[in-house]
Undergrad: 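My questions will all concern the structure given below.
What's counted below: heavy atoms across the whole structure, side chains too, no hydrogens, waters or symmetry copies. Numbers restart at 1 for each chain; the letters A, B, ... are given by sequence-line order, proteins then strands. Please read all numbers here as calculations on a predicted model, not as lab measurements.
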Amino acid sequence: MLPAKSMVDHIEAPSISTEAYDFRGAELRWQKAWQDANCFAVADRPSGNRSKAYVLEMFPYPSGKIHMGHVRNYMLGEVIARARRAQGFDVLHPMGWDAFGLPAENAARERGIEPAQWTRDNIASMREDLKRVGLSIDWSREFATCDPAYYGHQQKLFLDFWRAGLVEQRESAVNWDPVDMTVLANEQVIDGRGWKSGALVERRRLRQWFLKITDFGEELLAGLETLDRWPERVRLMQRNWIGRSEGAELTFELVKPVKKIRGIKVYTTRPDTLFGMSFLAISPDHPLVDVIAVGNPEAAEFISACRSMGTSEAAIESAEKRGFDTGLRVSHPFAKGATYPVWIANFVLMDYGTGAIFGCPAHDQRDLEFARKYRLSVTTVVVPRQDQDLVIEDTAYTGDGLVVRSEFLNGLDVESAKTRAIAELESRGIGRRLVNWRLRDWGISRQRYWGCPIPVIHCDKCGVTPVSEADLPVRLPEDVTFDKPGNPLEYHPTWKHVACPRCGESAVRETDTFDTFVDSSWYFARFCAPHAKTPTDPLATKYWMPVDHYIGGIEHAILHLLYARFFTRAMHRLGHLGVDEPFTGLFTQGMVTHESYRTTDGRWLYPDEVVKRADGSAIYNGEPVIIGPIEKMSKSKRNTIDPSSVIERFGADTVRWFVLSDNPPERDVEWTEAGAQGAFRFVQRVYRLARTIASEPHDSIALNDAAGAARTLRQTTHRTITAVTEAIDHFAFNVVIARLYELANAITDSEPKSAPGMAASRREAIMALIRLSAPIIPHVAEESYALLEPNGRLVAQLPWLTADPTLVQRDSVTIAIQIMGKLRGTIELPPGATAETAFAIALAEPRIARALEGSTIVKRIHVADRIVNFVVRT
RNA sequence: GCGGGUGUGGCGGAACGGUAGACGCAGCAGACUUAAAAUCUGCAUCCCGAUAGGGAGUGCGGGUUCAAAUCCCGCCAUCCGCACCA
């Protein structure tokens with residue numbers, strides 16, 4: 001092989017032999033060597049009986065440049081992918097682009113660049129950046145979600161979902177900017193105002209498309225139990241998000257009907273507390289509200305105030321609790337003659353339950369605060385058994401206890417009272433037991449241009465009609481303008497005007513596009529056979545799916561992962577896939593953070609533009625800079641570090657080593673330049689050690705005859721093999737790196753010729769260092785390996801090392817001796833020594849004997865090969 | 001507001017309930033060098049003590065245990081998510 005041969009020349013030329021590792025030449029050379037040897041490509045449908053590993057990192061949004069967060073993310077998968085390949089797996093490790101989305105439209109509006117052009121340019125430059133990192137990716141599988149060849153299949157999937165009854169149209173709320181006359185994303189609503197116009201945002205209802213994810217609520221919940229290679233916290237978050245609850249739905253009868261409305265339907269998980277009711281509250285978005293507002297200007301004003309904030313739940317729920325007494329009253333379902341006021345309350349969500357609640361202040365904290373604010377009654381109906389005279393002040397009582405003041409429920413515990421109350425509701429025909437979900441159906445309509453067109457045609461005669469499959473893909477027109485607010489598809493001269501596929505009359509296309517989460521809900525299945533004529537290739541997905549290691553940011557713990565799980569189940573049901581869960585293993589990485597900088601007039605600055613001064617302050621063009629908090633690197637805040645410039649200066653291996661070196665991968669990491677220097681030194685050191693050892697003479701003593709310091713070095717080598725292999729499996733890459741440093745230190749500390757077999761032992765050690773670190777720093781590994789094995793294969797093609805168990809085993813162990821749990825000394829014993837031996841030797845230690853003088857040993861604890869602890873009395 | 005995390009030296013962090021601070025960064029001292037860089041060697045949680053040694057110590061306050069960074073309860077700080085950013 002050409003690169004290896006050229007390295008031999010290096011060794012033979014003394015003038016060059018003193019040179020350091022030249023990453024500039026080497027990295028490109030080895031990347032080409034891997035490509036020429038086709039190291040990372042796999043077949044759609046591999047034959048043979050090897051195990052498979054599908055390693056996937058969440059694909060990037062092509063924002064323009066890769067940033068450190070990307071590199072870190074891809075490196076986590078990269079190490080697993082390279083290690084699994086060496087361990088004999090078929091490894092699928094693809095890359096693509098989550099290419100639709102809002103930023104492309106923002107670029108179009110702000111800078112007049114076409115979204116398609118902007119996106120393609122970004123992809124081209126990011127692809128180049130990524131390739132320079134030297135990732136072991138099968139680039140032949142690359143696609144972008146904005147390719148018609150991809151989104152056409154997505155449209156086909158949508159039509160299949162529709163036929164299967166998983167698609168619905170209904171009204172739901174959006175953020176409406178009354179000045180820009182456009183729908184805003186939650187992100188574009190800042191403190192209740194449009195980010196550009198500054199106008200107060202209104203909640204407005206639009207007819208939109210939904211996927212019925214709630215049909216899968218039970219399955220998605222149950223499926224979490226099978227995901228034992230997911231972080232527990234993510235499963236917990238999903239469980240809470242799905243939010244299955246058992247309770248009752250009941251109708252409160254209005255004392256006086258309003259128009260033709262006779263009652264208000266309420267969902268509650270606490271039917272046991274119905275006698276503690278003090279009010280009924282409905283959401284400002286409740287249908288009844290519009291009826292009330294007619295002829296009631298005060299109510300109308302309150303409602304419009306409530307609606308003049310975005311749709312985001314965070315905004316609604318953290319706003320000050322406010323209410324409006326409508327003057328209406330409802331009757332209690334059980335207590336004869338009792339009636340309660342109906343309030344409109346800004347914290348009641350229309351999207352959960354029925355959009356109406358009954359308020360029981362004594363046993364719900366939020367209701368209690370509301371009742372105190374508006375001086376509503378508070379009736380305690382559950383008391384703890386130990387404190388039956390409990391008086392509610394500022395804290396609602398939500399625990400179990402005895403039901404009181406509740407007629408037929410008196411004396412029951414909470415659980416029995418719920419059952420009894422529901423039975424009573426059912427027998428009176430005013431309510432029923434109901435399982436309710438916090439999970440809502442997935443609204444997939446976006447009033448945006450840069451997304452996958454929803455393949456639907458609206459015909460005056462035939463109504464809503466699917467595009468026929470022969471006409472897929474419905475292509476997004478690229479000749480659009482952004483000189484007007486709103487969706488360019490709406491006012492494109494020709495695009496939306498088509499003939500109805502059913503009757504042939506003139507009709508219009510749906511101009512909403514899909515939520516980009518749809519694009520990312522099945523791309524992993526497409527990667528298995530990216531050129532298939534159907535959305536998925538059954539044999540390819542049968543071989544590769546599910547993804548064995550899915551790696552991405554914790555910020556995706558709920559939405560993306562839940563949508564992808566839903567899509568996978570729906571695709572399975574419709575025959576597009578053979579599995580229920582897309583990702584059997586999940587790893588969520590922390591974020592890469594950095595200070596943010598802005599000018600005094602508020603413009604964000606890149607770290608490169610800012611000059612930091614010794615006192616910690618910063619300047620830009622001679623002007624002072626406002627230093628923001630350390631937070632997630634994001635394009636909008638420009639607090640990103642560009643990996644390309646670091647690769648330029650230090651090489652890809654330095655960046656690869658550094659992003660894994662210091663932090664546990666699940667934790668956030670702050671980028672520091674100092675760390676990069678250290679990583680660079682290590683890369684150089686590996687090469688230097690390899691060159692030194694390559695030049696040392698062999699001797700005739702076999703590895704197995706290594707003794708003394710040579711045997712000690714061999715033990716370190718083999719223990720490192722074990723430790724590194726295990727740590728990789730646990731994603732503990734910072735520990736992998738610590739162990740590799742230790743091995744490098746051991747090699748540095750070993751003296752050539754100092755012990756029998758040292759020459760072979762040093763050679764074995766450097767080979768292990770090279771091959772164990774190769775998944776992280778593959779370029780210098782190849783370069784170093786070629787020095788030692790000039791006619792060898794590529795490290796990328798070598799099998800993984802296995803440790804010799806006799807060398808991993810300890811000759812002796814250090815046992816800590818404690819008195820009352822405090823460390824008082826240590827002793828060395830052969831492993832497996834008995835408790836009696838350990839006690840005897842511990843007691844014979846002068847230091848221990850002295851410390852025990854004058855006290856009586858009352859208990860002796862022995863943990864084999866670890867601890868001896870004496871419990872004493874003085 | 002609700003749900004979920006995290007908190008250990010100057011810094012990033014390591015540690016199956018069992019010797020807290022591995023490994024790295026920065027620092028200090030020394031070697032090499034005309035010098036610098038690079039490299040190599042050593043020191044390094046804090047307090048008391050010359051040393052031997054002793055005491056304290058993993059955000060704060062409690063608890064369980066022979067033994068707690070680790071398990072439990074309460075608090076504080078901070079980060080992530082909250083359905084139209086991706």
Side-chain angles (χ1 to χ4, degrees), chain A residues 20 58 60-61 63 98 100-103 106 174-175 183-189 208 231-234 236-241 243 310-321 347 351 365-366 438-448 515-517 520 553-560 562-563 588 590-591 593 629-632 634-636 661-664 666-670 672 674-675 677-679 681-682 684-685 688 732 734-735 737-742 745 748 814-826 847 858-861 863 866-871:
Chain A
M58 291 177 187
Y61 177 78
S63 56
D98 187 14
F100 277 133
L102 203 47
N106 292 337
V174 294
N175 303 306
V183 175
L184 297 180
N186 282 340
E187 189 191 48
Q188 297 171 311
V189 178
Q208 310 205 63
E232 184 49 41
R233 59 178 165 156
V234 175
L236 191 58
M237 282 189 265
Q238 292 222 346
R239 213 170 283 138
N240 290 338
W241 183 267
T311 58
S312 100
E313 197 170 305
I316 293 170
E317 289 205 345
S318 51
E320 194 201 338
K321 314 261 167 298
F347 60 86
D351 287 319
Q365 190 62 32
R366 205 166 50 175
R438 211 189 73 92
L439 180 66
R440 309 198 297 254
D441 279 330
W442 175 14
I444 50 167
S445 286
R446 296 292 180 272
Q447 295 71 42
R448 302 266 159 66
D515 177 6
T516 58
F517 273 128
S520 56
I554 182 69
E555 67 273 22
H556 293 294
I558 295 175
L559 290 180
H560 162 59
L562 194 62
Y563 291 145
T588 51
M591 285 161 306
T593 59
I630 294 167
E631 56 191 326
K632 176 182 172 179
S634 78
K635 196 160 195 286
S636 62
S661 64
D662 274 348
N663 293 71
E666 65 275 16
R667 216 179 289 183
D668 293 350
V669 56
E670 189 192 354
T672 58
Q677 300 272 0
R681 281 204 293 272
F682 183 79
Q684 292 295 335
R685 190 172 167 204
R688 201 165 52 241
N734 55 326
V735 179
I737 281 175
R739 296 295 160 260
L740 291 172
Y741 270 116
E742 281 169 347
N745 289 345
T748 306
T814 308
I815 294 185
I817 307 166
Q818 301 179 334
I819 297 170
M820 299 297 283
K822 276 193 180 297
L823 182 71
R824 284 293 180 264
T826 60
R847 202 179 144 198
V858 295
K859 195 171 178 186
R860 307 182 305 178
I861 311 280
V863 180
R866 285 192 171 274
I867 287 279
V868 168
N869 187 14
F870 297 107
V871 183

Undergrad: I'd like to know if the side chain of A:Gln238 reaches the main chain of A:Ala557, judged simply by a donor and an acceptor atom lying under 3.5 Å from each other, with no hydrogens or angles considered.
TA: yes
Undergrad: How close or far is atom C1' of B:U39 from atom CZ of A:Phe682, stated in whole angstroms?
TA: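 After rounding, the reported distance stands at 15 Å.
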Undergrad: Do A:Arg448 side-chain atoms and A:Gly101 backbone N/O form a donor-acceptor pair below 3.5 Å?
TA: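 No, A:Arg448 side chain to A:Gly101 backbone: no donor-acceptor pair under 3.5 Å.
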Undergrad: For B:C46 and B:G10, measure between their C1' atoms and round to the nearest Å.
TA: 13 Å
Undergrad: Can you check B:G9 for me, syn or anti if syn means within 90° of 0?
TA: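 Glycosidic conformation of B:G9: syn.
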Undergrad: Is A:Arg667 near enough to B:A14 that one of its side-chain N or O atoms lies under 4.0 angstrom from OP1 or OP2?
TA: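 Yes, within the criterion.
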Undergrad: Roughly how far, to the nearest 0.5 Å, is CG of A:Leu562 from CE of A:Met237?
TA: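 The distance works out to 12.0 Å.
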Undergrad: Considering only atom C1', compute the distance from B:A77 to B:A67 and round it to an integer number of Å.
TA: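 Per the computed distance, 29 Å lies between those C1' atoms.
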Undergrad: Compare side-chain N and O positions of A:Arg239 against OP1 and OP2 of B:G3 and report whether any pair is under 4.0 Å apart.
TA: no
Undergrad: Within less than 4.0 Å of OP1 or OP2 of B:A14, is there a side-chain N or O belonging to A:Arg739?
TA: no
Undergrad: Could you tell me how far B:U19 sits from B:C71 if I compare only their P atoms? Round to whole Å.
TA: 16 Å
Undergrad: Quick one: is B:A83 close enough that its OP1 or OP2 comes under 4.0 Å of any side-chain N or O from A:Asn186?
TA: yes
Undergrad: Measuring to OP1 and OP2 of B:U65, would you say a side-chain N or O of A:Asn869 lies under 4.0 angstrom away?
TA: no
Undergrad: For nucleotides B:G9 and B:A26, find the distance between their C1' atoms and express it as a whole number of Å.
TA: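 The same atom, C1', in both gives a distance of 13 Å.
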Undergrad: Output yes when at least one side-chain N/O atom of A:Arg824 is less than 4.0 Å from OP1 or OP2 of B:G55, else no.
TA: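 Looking at the OP1 and OP2 atoms of B:G55, one of them is under 4.0 Å from a side-chain N or O of A:Arg824.
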Undergrad: Report the residue (A:Pro664 or A:Arg366) whose heavy-atom-nearest nucleotide on RNA chain B is the more 5′ of the two.
TA: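 Of the two residues, A:Arg366 wins.
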Undergrad: OP1, OP2 of B:A83 versus side-chain N and O of A:Arg440: anything below 4.0 Å?
TA: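 Answer no for this pair, as no side-chain N or O of A:Arg440 is under 4.0 Å from OP1 or OP2.
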Undergrad: Is a side-chain donor or acceptor of A:Asn869 paired with a backbone partner of A:Ile861 at a separation under 3.5 angstrom?
TA: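 No: the side chain of A:Asn869 does not pair with the backbone of A:Ile861.
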Undergrad: Taking 4.0 Å as the cut-off, does a side-chain nitrogen or oxygen of A:Asn240 come that near to OP1 or OP2 on B:C2?
TA: no
Undergrad: Return the nearest nucleotide to the side chain of A:Ile554; candidates are B:C80, B:U19, B:C23.
TA: B:C80
Undergrad: Given the C1' atoms of B:U64 and B:G54, what is the spacing between them in whole Å?
TA: 29 Å
Undergrad: Hey, does the side chain of A:Lys822 come within less than 4.0 Å of B:A56's phosphate (OP1/OP2), counting only N and O?
TA: yes
Undergrad: Can you check whether A:Arg847 has a side-chain N or O nearer than 4.0 Å to OP1 or OP2 of B:G54?
TA: yes
Undergrad: Rounded to the nearest Å, what distance is computed from the CD1 atom of residue A:Ile817 to the P atom of nucleotide B:G18?
TA: 18 Å
Undergrad: Apply salt bridge (Lys or Arg N to Asp or Glu O under 4.0 Å) to residues A:Arg233 and A:Glu666 and explain how you reach the verdict.
TA: CA-CA 12 Å; A:Arg233 59 178 165 156; A:Glu666 65 275 16; over 6 Å; no
Undergrad: Rounded to whole angstroms, how far apart are CD on A:Glu317 and P on B:A83?
TA: 10 Å
Undergrad: Check the phosphate of B:C79 against A:Arg233, side-chain N and O only, distance under 4.0 Å to OP1 or OP2. Yes or no?
TA: no
Undergrad: Consider the side chain of A:Val183, meaning its heavy atoms from C-beta on, and name the nucleotide among B:C84, B:C40, B:A86 that approaches it most closely.
TA: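 Nearest to the side-chain atoms of A:Val183, counting from C-beta on, is B:C84.
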Undergrad: On RNA chain B, compare the nucleotides closest to A:Asn175 and A:Lys321; which residue's is nearer the 5' end?
TA: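 Checking each residue's closest nucleotide, the 5'-ward one belongs to A:Lys321.
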Undergrad: When the P atoms of B:C25 and B:A31 are compared, how many Å lie between them, rounded to an integer?
TA: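 Approximately 22 Å lies between the P atom of B:A31 and that of B:C25.
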Undergrad: Using the ring of each side chain (for Trp, its six-membered ring), is A:Phe517 parallel, tilted or perpendicular to A:His556, with breaks at 30° and 60°?
TA: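 Correct class here is perpendicular.
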Undergrad: Look at A:Ser661 and B:G24 and indicate whether a side-chain polar atom (N or O) is within less than 4.0 Å of OP1 or OP2.
TA: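 False: A:Ser661 side-chain N/O out of range (4.0 Å or more) of B:G24 OP1/OP2.
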Undergrad: Hey, does the side chain of A:Asn663 come within less than 4.0 Å of B:G13's phosphate (OP1/OP2), counting only N and O?
TA: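 Yes, A:Asn663 has a side-chain N/O under 4.0 Å of OP1/OP2 on B:G13.
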